[in-house]
Structure formats: structure tokens, C-alpha cells
*Asks:* 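Pasting in a structure now, in C-alpha cells, and then I'll have a few things to ask.
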Amino acid sequence: MSAKKPPYETPTEHTGLKIKTPKEKAAGTPGVVAALGHATKYMKTGQALRVAAKLNQKGGIDCPGCAWPDPDDERSSLGEYCENGIKAIAEEAQKKTIGADFFAQHSVEELSTWSDFQLGKAGRLAEPLVLAEGATHYKPISWDDAFKMLADDLKGLSSPDEAVFYTSGRTSNEAAFMYQLFVRSFGTNNLPDCSNMCHESSGYGLGKTIGIGKGTVTLDDLHQSDLIIVMGQNPGTNHPRMLSSLEKCKENGGRIITVNPLQEAGLVNFVNPQRVGKMLSGGTPLTDLYLPVAVNGDVALLKAIMLRLWHQDREGDGSILDWDFITNNTSGIEALVDDLRQQDFTTLADASGVARASILEAVEMIRKANSMIICWAMGITQHENGVANVQEIVNLLLMKGAIGKPGSGACPVRGHSNVQGNRTVGIWEAPKPAFLDSLAEQFGINPPREHGYATVPAIQAMHDNKVKVFFALGGNFLSAAPDTAYTAAGLENCALTAHVSTKLNRSHLVTGKRALILPCRGRTEQDLQAEGEQFVTVENSMGIVHRSKGILPPASTHLLSEPDIIGRLAAAVLGPDQPVNWQQWVGNYDHVRDAIAKTIPAFADYNEKVRDNDGGFYLTNGAREGRFPTPDGKAHFTVNAVPKLQLAEGEYTLMTIRSHDQYNTTIYGLNDRYRGIKNERRVVFINPEDLKARGWKARQQVDIINEHGGQKRVAEAFLLVPYDIPRGCLGAYFPEANTLVPIDSYAKHSLTPASKRIVVRLEAK
Ligand SMILES: Nc1nc2c(c(=O)[nH]1)N[C@H]1C(S)=C(S)[C@@H](COP(=O)(O)OP(=O)(O)OC[C@H]3O[C@@H](n4cnc5c(=O)[nH]c(N)nc54)[C@H](O)[C@@H]3O)O[C@H]1N2
Ligand SMILES: Nc1nc2c(c(=O)[nH]1)N[C@H]1C(S)=C(S)[C@@H](COP(=O)(O)OP(=O)(O)OC[C@H]3O[C@@H](n4cnc5c(=O)[nH]c(N)nc54)[C@H](O)[C@@H]3O)O[C@H]1N2
Ligand SMILES: [Mo]
């Protein structure tokens, strides 16, 4: 362990890289073995199986892993979970706890030399802690004193806008609604969230074009679709249960196109661990056509496809595009066609990095499909042109009339298990006036109307000394945010930083002048309040709201639930009855749900609906039914420029991606099984030809350097791994490579950091 590295950086020591052949199949027996091995290593005996059996079952626990929905009707008796869901559970329901003794033993400076893997494995946070000004160690503090410290600081600000309230997407609807009500009653819209770094480009792009910032499909649509295109997403690792849906689509005769710089194992072949027959027969081949797009080649690719489709439509009898749909339900086709006519197919194909013949094959498959879904995730949204990427996807869907009919639609696959719900109940720095009006009416408050800081502006404001208190409901802001050194400096400028957390992470170690850790119960744990045991509710990627109820005893008796923490904080800052009786709300979460129902029309009869139907209820979604809630009631075609991606000699485009053994900044282990990486995270994937051109060999140690805006950012000591990735493109893991993401390189409109396209150089060590 080196003591010299800055505390915000992950350690640069290597852990013993082994390079194996990448896998061509996902899950199956190795997945089950890995999951069980993980669970028994970190959890108490018996608890692992009890939790697994309840995971994603009706009335059970919502898996804190991803936001993929559960089947509406039958659910596998073997458990609706996946290898990575079990890892998420094992991480939370860990048997070890850390409190006063641990923090007396280890200083903040020492802990900052630990790897993220070591920090996470230290154990569950067991009691509230304070880092006093100038102190070297965290010490225990009572809950009352912690809330008093926060209240004193918040009430002492010269403006409520000097406070920032971050949310990570694991928070329940109940906690999130209370949180935003407290923050707006206090007087600010500074509510940045993880979504700002994630699917904000989808929310913005979809909102502008189809009038709702959410996906439009259900699981049944996926099962019956003629064609699913999966773009910029690695479901085998990040949404493993999605593979079951792709499998069903294939069994029903559907086809799949994958668009990705990497041929990810899960999309090649899936061995469903919940179907014994499939395990024996070797699994289901999923991808029919793989398009190895260059990093950020998607706009060019989509335009090339649309150009060919339009040509063929014109040359034929006009039956390739859905002109009925286009005429009746959309506007803007003329401008799109004008733009396409100015494009050249070969130029577009070259810019996309995909061979012309493969693009023509895709065109053929799209032409024949009567229904079509496009799924996407971070490979699409985390670009400077992330919104344009999403809008080009919408253009293609609209051309085919593929929104609002069975088997068709837009499917942005969300990340955090309740990130979509958090937004629905008001976690947003840019709230709609109607939502604020409703808060004003229901609670007699005067919510601020001016928009607050999203994540990137919040960091910039901290940097400019405009923020004094940073409060986080979950997450690991420092490590998840771009430009680690810049973000660290911002956090250090604050007078007080406070985190509601389950586990120790680097954000607890790079702090304001004083810091608080407020430990909370997790999803898997029982939540006993004054009026009995409580459940919470969450919304998945397809807009289904349902219950989640923990079953394990809390890791420590000192832990509070998230609603309890927010309620007590609100009471300490605003007074116990302002604007609501917080204590009463915390005693029985039905009160919170009643308040949500009164504020947001789609939640009418919330308590009844969520109890009546164990599987949950769908929120209204006009676009799903072909009604577009835009100002003119039509879906909009848009014209988006092809990004200019010139690289100088020796420059590459680096994408930062997740390994198979992590949940965002939480590192489960040091392997990336499907990509053949063992025991190392400081690796950079490079095309073997690019390696040869530099005269380098596998495992060569390099520094990765970005010089955006004349500022030098260096990620030190990465090991080169030859990999099947387009020439000129590189891949490295998030969060180790976050230090390279420039703070001012983000998507136009959505402000999502461009962490999938960072221009870098490599220097041999
Ligand atoms: N086990 C596990 N599950 C998770 C998470 C986790 O960390 N671990 N994280 C959760 C969260 S918050 C999220 S947002 C999701 C993330 O889920 P993903 O978006 O699948 O995660 P990433 O690893 O960021 O993968 C991005 C994919 O996009 C590809 N890609 C990169 N650049 C481009 C490009 O320019 N064009 C195209 N077409 N493809 C590109 C990469 O090769 C990679 O396959 O997963 C959620 N689920
Ligand atoms: N370079 C790069 N940067 C990225 C990305 C990328 O692909 N590349 N992806 C971005 C994306 S998509 C996202 S969503 C963000 C994620 O950003 P965050 O959501 O901020 O980060 P996480 O790593 O998910 O947060 C992990 C921490 O959450 C806490 N936690 C876990 N469960 C609970 C709980 O139930 N309650 C509370 N209160 N705390 C809990 C634990 O203390 C844990 O350490 O990162 C973004 N950053
Ligand atoms: Mo995310």
C-alpha cells in the first residue's frame, strides 16, 4: 500500500493479472457456483438462501441490483435472481460490522490507502460517526447530536442554495418523497442525483421527442418482438435477468442485433441457470447480427441505416416506412429526410466503424421486422452527444412506426433499482411547475421555482466555494463523479459533508472540514416502526410500482431506516410539524404513500393498489398506447449532427465500463470473468494491431493521459490487455479511470459526463 497517492485516488498497486480467453456464454453452472460461493463467503449461513428465495418474488424483496422488471405472471420457483443479484445481497447483508473500535484503529488517512474492494469488505457501518474539524479519526456521535450538527449548519447558511442534497437511486419512493419535500420546504432545488450521470440523456431525449422521459415497453413486448436491437449495453453483467427475456424472444422466432464495440459474452449465448434443460443443451444463441461499432459511432450508424431504409422505401412501393403512422402521429419527417439526403452512405459507414455489408444486413432485418424494440444503456447516454444518440434511436423507431404497438418501443434499461421511481416522486433539480404547484397546494409550502444544480454544476459550485453543506442520501459521490481530483477539491471546500450509507466508501474519506456518516438499514432488512413492520415501494425500468419488504434482522441496533433519518433531519431543521408531522409519517409509511397519492395523480389509491396486486401496478404511460404527451400531441423527428471525432496521432478514445465483479463503485471482486480477466482491475483493453503498432506487448504498464482544456489528467499504472475492440478504441474500468473524465466534457442538454468517450494518450512506464 502506498501512502503517497492522493486520498481521492484508487491505489495503483497491481494484484496479479491473469489473462484468459474471453467467454462466449453467460451464466449457466459457473454463474450459479460463483453466486453461491460469494454468498456463503460473506453472509451468515442460512440467510443467503432465505434471501435468495424472496428475491424479486411477489411481495418479496426488490433486488438492490438492477432495475430490470420481474415477470407479471409466473416467476421461476428457482428464484428470480441472478449471479450479480446474489452478489449485491451478499454485499449488503454482510456479517461483519464496523463501528467505534474499527475507526479508533484506522485513521482516515490510512483508510484512504485501502482499495475500494478492501473498503467495501470492511463490513456494514454500525453506528453514526463524526469526523470533527482537524481530527484524524471518525468517532461515534449520537443520532440527536448528528441531526443537531446538520440543523445548525443548514440553518446558519446565508441561502438554502448553499446546500446540495444528492440522491443515489437505491432509495425507496417513500424516503425519496420525504427527502424532496424536506429539501424544497427548506428552500432549494439543489437535488442532483445519480441519474444525472446515467440515463439523463435518455430522459431528456425521450421527453423532447415522445413527451415522456421513460421507456415504452413491457416484458411481454420484448417476448413477442420480431426484432430487438441492443445498443451500448452489457446485460450479461449488468442486467442478467434481461437475458431470459431475450431468450424468450428468440424462442418465439424473434431476432437480435447487438451494437457494441465489444462482443459481450452474455449477448452471444445465454445458459439460463433457471432452466435445467437449457443448461444441459448448452444454452441459447442470442445475437443474430453483431455490429462492432467504434466508440461513439452510433449516430453515424443509425443515420446510415435510416438513409438506406428511406432509399429502399422510395425505390419500392413506399411500404418500408410506416407512412400511416408517420402522417398521423409525428411531425418533422421532412427535415429528417432533408438531412438524410445530404448524407453519404459510405462516409457514414466509415464513421461508424462498421463494415458496409453488415449495415446492409441490419437494414434487411429491420426492413422485414413488423415490430421492433431498441434497448440501450450507458454506451449511448454517456457521450457529449448522448441526447443526439437517444434521439436518433427514436427517429429509427418512429420511421418504422415502432412505438405504441405490441412488440415495439423504446427501452432505456435503467441502472439503480429505484432510480426511475426517485425521479417520479420528485428527486429532480429541474422540477416541472405542475409538480411544485401540487406540493404548494398539498403542504402549504412555497417551493423554490428556480432550477437547482445537477451533478456536474453542483461539483463546479463546490469548487467555486458556493456550497457549504453537501448531503448524500446513498451513493459514493466522489468516486462516481467525473474528474476525481476536481470533485475531491470541491468536496474539501465544504464546511460539512454528510452521507447516509450502508457501507464505507471513498466519499467518507475525502470530506468537508467536518463529516458525518449516518448508517442506515438496507433493502434486505426488517423495518420496524411505531405502528409495526413497514414495507417500501419502488418503480422498475418498465414503470411498474411494487412493494419491497426486508426479512433479515438489521446489521446493528443503531441503524435507522432512510425515511426515519430524513424525518428526523427534517424535524430538526424545519420543526416537528413543518410542513407535516414527520414522526407520524415515519411511524407508518402509509401516510407517506397517501401524501404521494395526493400530490401525483398517477399514484391515486397508492396504498390499495400496491397491496391489492402483489406484482405491483403500472404507472400511466401515454407513449406506450401511442398517445404522445408533447405540446402538439405528436412524436417528433429530430435532426442531429454526426459528431466529429478527429483524433490526433497517438490519441485513442477510451470508454469507462463495469467489470463483472462490481456494482458501480462497490467492488465485489477482482475478476471480470466473461472478458477473461482474473485478479486485476487496473487494465486497459486495446486492439492487438494497435498494440503491435506501438511495439508494445500484453501486460505492458502504461499511464493513461487526458489533456482536455489544457489540463493534464493522469491515471497511472494500467496494464495493457489485447482484446477484440475496434482500432483506436480503449476500455478501462470505472471508477479507477474516472480521474480522466474532464469535468466540462458532458452531454449537451442532459449534462451527463461523457465517461464513454475520453480522448487519451498512452505513455509506457
Ligand atoms: N452487476 C452490476 N449490475 C449493474 C451495475 C453494476 O455496476 N454492476 N450498475 C447499474 C447501473 S447504475 C447502470 S447505469 C447499469 C449500466 O449498465 P451498462 O450500460 O450495461 O454498463 P457499462 O459497463 O457502463 O456498459 C456499457 C456498454 O456499452 C458499451 N459501449 C461503450 N461505449 C459505447 C459506444 O460508444 N457505443 C455503443 N454502442 N456501445 C458502447 C460497452 O462496451 C459496454 O458493453 O447497470 C446497472 N446494473
Ligand atoms: N467513469 C464513469 N463514471 C460513472 C459511470 C460510468 O459508467 N463511468 N456510471 C455512472 C452511473 S450510471 C451511476 S448510476 C453513478 C453511480 O453513482 P452512485 O449511486 O453515487 O454510486 P454507487 O457506487 O452505486 O454507491 C455505492 C454506495 O451506496 C451506499 N449504499 C448502498 N446501498 C444503500 C442503501 O440502501 N441506502 C443508502 N443510503 N446507501 C446505500 C453504500 O455506502 C455504497 O458504498 O456512477 C456514474 N459514474
Ligand atoms: Mo446508472
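Read the numbers this way: they start at 1 and go in the same order the structure lists the ligands and their atoms. No experiment lies behind these values; they were computed from the predicted model shown. In what follows, every heavy atom counts, from backbone to side chain, and hydrogens, waters and symmetry copies are set aside.
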*Asks:* Test of understanding: given a 4.0 Å heavy-atom threshold, classify the contact between Ser755 and ligand 2 as side chain, backbone, both, or neither.
*Replies:* side chain
*Asks:* Any N or O of Asn505 that comes nearer than 3.5 Å to an N or O of ligand 2?
*Replies:* yes
*Asks:* State the atoms of ligand 2, each with its element, that fall below the 4.0 Å cut-off from a heavy-atom position in Tyr166.
*Replies:* 17 (O), 18 (P), 19 (O), 20 (O)
*Asks:* Counting heavy atoms only, which of His416, Met378, His199, Arg658 is nearest atom 11 (C) of ligand 2?
*Replies:* Arg658
*Asks:* Is a side-chain donor-acceptor pair under 3.5 Å present for Asn269 with Glu24?
*Replies:* no
*Asks:* Quick one: does Pro261 get an N or O within less than 3.5 Å of an N or O on ligand 1?
*Replies:* no
*Asks:* Less than 3.5 Å between some nitrogen or oxygen of Thr502 and one of ligand 2, yes or no?
*Replies:* yes
*Asks:* Taking 4.0 Å as the limit for heavy-atom contacts, which would you say applies to Met655 with ligand 1: side chain only, backbone only, both, or neither?
*Replies:* side chain
*Asks:* Is it the case that Thr511 and Tyr138 place a side-chain donor and acceptor less than 3.5 Å from each other?
*Replies:* no
*Asks:* Answer yes if the side chains of Asp193 and Thr167 hold a donor-acceptor pair under 3.5 Å, and no otherwise.
*Replies:* no
*Asks:* Is Cys520 close to ligand 2, meaning an N/O of one under 3.5 Å from an N/O of the other?
*Replies:* no
*Asks:* Establish, yes or no, whether a centroid distance under 6.0 Å links the rings of Phe470 and Phe165.
*Replies:* no
*Asks:* Would you check whether Phe734 has a nitrogen or oxygen atom less than 3.5 angstrom from a nitrogen or oxygen atom of ligand 2?
*Replies:* no
*Asks:* May I ask you to list the atoms of ligand 2 that are less than 4.0 angstrom from any heavy atom of Cys194?
*Replies:* 14 (S), 19 (O)
*Asks:* Note the single closest protein heavy atom to atom 8 (N) of ligand 2, along with its residue, its atom name and the distance in Å.
*Replies:* Thr656 OG1, 3.0 Å
*Asks:* Is Asn234 touching ligand 1 with its side chain, its backbone, both, or neither, if touching means heavy atoms under 4.0 Å apart?
*Replies:* both
*Asks:* With only distance considered, is Val500 within less than 3.5 Å of ligand 2 through an N or O on each side?
*Replies:* yes
*Asks:* Indicate yes or no: does an N/O atom of Arg675 lie under 3.5 Å from an N/O atom of ligand 1?
*Replies:* no
*Asks:* Taking the side chain as every heavy atom from C-beta outward, state whether Ile229 and Ile373 have any pair of such atoms under 4.5 Å apart.
*Replies:* no
*Asks:* Should the pair Tyr733 and Phe685 be assigned to parallel (<30°), tilted (30 to 60°) or perpendicular (>60°) ring geometry?
*Replies:* perpendicular
*Asks:* Which of parallel (below 30°), tilted (30 to 60°) and perpendicular (above 60°) describes Tyr674 and His660?
*Replies:* tilted
*Asks:* Kindly confirm or rule out a cation-pi arrangement of Arg170 over Tyr663, judged by NZ or CZ under 6.0 Å from the six-membered ring centre and within 45° of its axis?
*Replies:* yes
*Asks:* Looking at ligand 1, does any of its N/O atoms fall within less than 3.5 Å of an N/O of Asn238?
*Replies:* yes
*Asks:* If you measure from each non-hydrogen atom of His383 to ligand 1, which part falls under 4.0 Å: side chain, backbone, both or neither?
*Replies:* side chain
*Asks:* Quick one: which of Met197, Gln382, Arg414, Lys503 has a heavy atom closest to atom 5 (C) of ligand 2?
*Replies:* Gln382
*Asks:* Decide whether an N or O pair under 3.5 Å exists between Arg521 and ligand 2.
*Replies:* no
*Asks:* Looking only at non-hydrogen atoms, which of Ile657, Asn389, Asn664 approaches atom 7 (O) of ligand 1 most closely?
*Replies:* Asn664
*Asks:* Can you figure out which of Arg170, Glu562, Gln662 has its heavy atom closest to atom 36 (N) of ligand 2?
*Replies:* Glu562
*Asks:* Any idea which atoms of ligand 2 are less than 4.0 Å away from a heavy-atom of Asn738?
*Replies:* 1 (N), 2 (C), 3 (N)
*Asks:* Say whether Val259, considering both its backbone and side-chain N or O atoms, lies within less than 3.5 Å of an N or O atom on ligand 1.
*Replies:* yes
*Asks:* Just to be sure I read this right, does ligand 1 sit under 4.0 Å from the backbone of His239, its side chain, both, or neither, counting only heavy atoms?
*Replies:* side chain
*Asks:* Between the candidates Gly379, Ser541, Gly169, Ser168, which shows the shortest non-hydrogen contact distance to atom 34 (C) of ligand 1?
*Replies:* Gly379
*Asks:* Using a 4.0 Å cutoff against the non-hydrogen atoms of Leu262, which atoms of ligand 1 qualify?
*Replies:* 42 (O)
*Asks:* For ligand 1, which is the ligand I care about here, please tell me if Tyr668 has any N or O atom under 3.5 Å from one of the ligand's N or O atoms.
*Replies:* no
*Asks:* List the closest protein heavy-atom neighbour of atom 42 (O) of ligand 1: residue, atom name, distance to the nearest 0.1 Å.
*Replies:* Asn260 OD1, 2.7 Å
